[in-house]
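Read through the structure below, which is laid out as structure tokens, and then see the notes.
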Amino acid sequence: MNRKRKGKGKSKKEKASMVNKPPWLELPEGIWAKILHRLGAVEILETAQKVCTTWRRICKDPSMWRVIDMSNDWDPSDMPYDLEEMCRHAVDRSQGQLLDIYLEYFATDLLIRYIANRSGKKLKRFTIACCYGMVCDGLDKAIKSSQC
């Protein structure tokens, strides 16, 4: 009675990878992109892209940045991040594919012009909320520059 034991003949590394590898890592990248896209731009840039190489690759894909949600719950005077810089980074990652952007609490004329210049005529929706008089001239120029 010479029975083979389960797992016999496999290296320690193979056994460890079988035990330690969570099943969700087998999901296709398209599914991961849909999951990650539910996060806002701040969460992607500050945490999600730092989880693993697969997530980083997905987070760098320009298609992830067609819609940029920069909504936040922070008091404008107490924001822990430079949201304007993060927004520029997100717009740059879109590589001209930006269709829709939402800014809350931090839009400036300069940032709006930056977004308009980088997005061209593809930008379909530009939402600005709670910016309390910070944007006027930039919005007007952005609208004029994106008209056909």
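None of these values were measured; they are calculated from a predicted model. Just the heavy atoms: all of them, side chains too, but no hydrogens, waters or symmetry mates, feed the values below.
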Do [X] and [Y] touch side chain to side chain, with heavy atoms closer than 4.5 Å?
| X | Y | answer |
| --- | --- | --- |
| Leu36 | Met64 | yes |
| Phe126 | Leu103 | yes |
| Glu104 | Tyr102 | yes |
| Asp100 | Ile68 | no |
| Ile115 | Leu98 | yes |
| His89 | Leu45 | yes |
| Val42 | Met70 | yes |

Regarding Arg118 and Asp92, does a basic nitrogen lie under 4.0 Å from an acidic carboxylate oxygen?
yes
Could you see if Ile35 belongs to whatever hydrophobic cluster contains Trp55? Use Ile, Leu, Val, Met, Phe, Trp, Tyr and a side-chain cutoff under 4.5 Å.
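In one cluster with Ile35: Trp55, yes.
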Which heavy atom in Ser94 sits nearest to a heavy atom in Pro62, and how many Å separate them?
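What the structure gives for the nearest pair is O-CB, 3.7 Å.
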At their closest point, which heavy atom of Leu111 faces which heavy atom of Arg88, and how far apart are they?
CD1-CG, 3.9 Å
Return the set of residues passing salt bridge (Lys or Arg N to Asp or Glu O under 4.0 Å) with Arg57 (not counting sequence neighbours), or none when no residue passes.
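With sequence neighbours excluded, Arg57 shows a salt bridge (Lys or Arg N to Asp or Glu O under 4.0 Å) to Glu29, given in chain and number order.
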Evaluate the criterion side-chain hydrogen bond (donor to acceptor under 3.5 Å, both in side chains) for residue pair Asp109 and Tyr114; output intermediate values, then yes/no.
CA-CA 9 Å; Asp109 285 336; Tyr114 183 87; over 6 Å; no
Report the C-alpha distance between Cys59 and Arg93 in whole Å, list the side-chain angles of each, state the deciding distance to 0.1 Å, and finish with yes or no for side chain to side chain contact (heavy atoms under 4.5 Å, CB included).
CA-CA 9 Å; Cys59 292; Arg93 279 198 177 179; 4.2 Å; yes
Would Asp69 and Leu39 count as a side chain to side chain contact (heavy atoms under 4.5 Å, CB included) here? Give the steps.
CA-CA 8 Å; Asp69 179 2; Leu39 301 174; over 6 Å; no
Check step by step if side chain to side chain contact (heavy atoms under 4.5 Å, CB included) holds for Ser119 and Ile101.
CA-CA 10 Å; Ser119 305; Ile101 188 164; over 6 Å; no
Given Ile58, Val67, Ile44, the one that forms side chain to side chain contact (heavy atoms under 4.5 Å, CB included) with His37
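Checked Ile58, Val67, Ile44 against His37; only one passes side chain to side chain contact (heavy atoms under 4.5 Å, CB included): Val67.
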Just verifying a value: how many Å separate Met86 CE and Phe106 CZ, rounded to the nearest 0.5 Å?
9.0 Å
Side chain of Glu43, backbone of Gly40: donor and acceptor closer than 3.5 Å?
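Yes, the answer is positive, given that a donor and an acceptor are paired below the 3.5 Å cut-off.
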Over 12 non-hydrogen atoms of neighbours within 6.0 angstrom of CD in Glu85
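No, CD of Glu85 has 12 or fewer neighbouring heavy atoms, counting only those of other groups under 6.0 Å.
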Step by step, would you call Glu84 with Thr108 a side chain to side chain contact (heavy atoms under 4.5 Å, CB included)?
CA-CA 8 Å; Glu84 196 167 334; Thr108 62; 3.2 Å; yes
So, using side-chain hydrogen bond (donor to acceptor under 3.5 Å, both in side chains) as the criterion, who are the partners of Gln97 when residues are at least two apart?
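Listed in chain order: Arg66.
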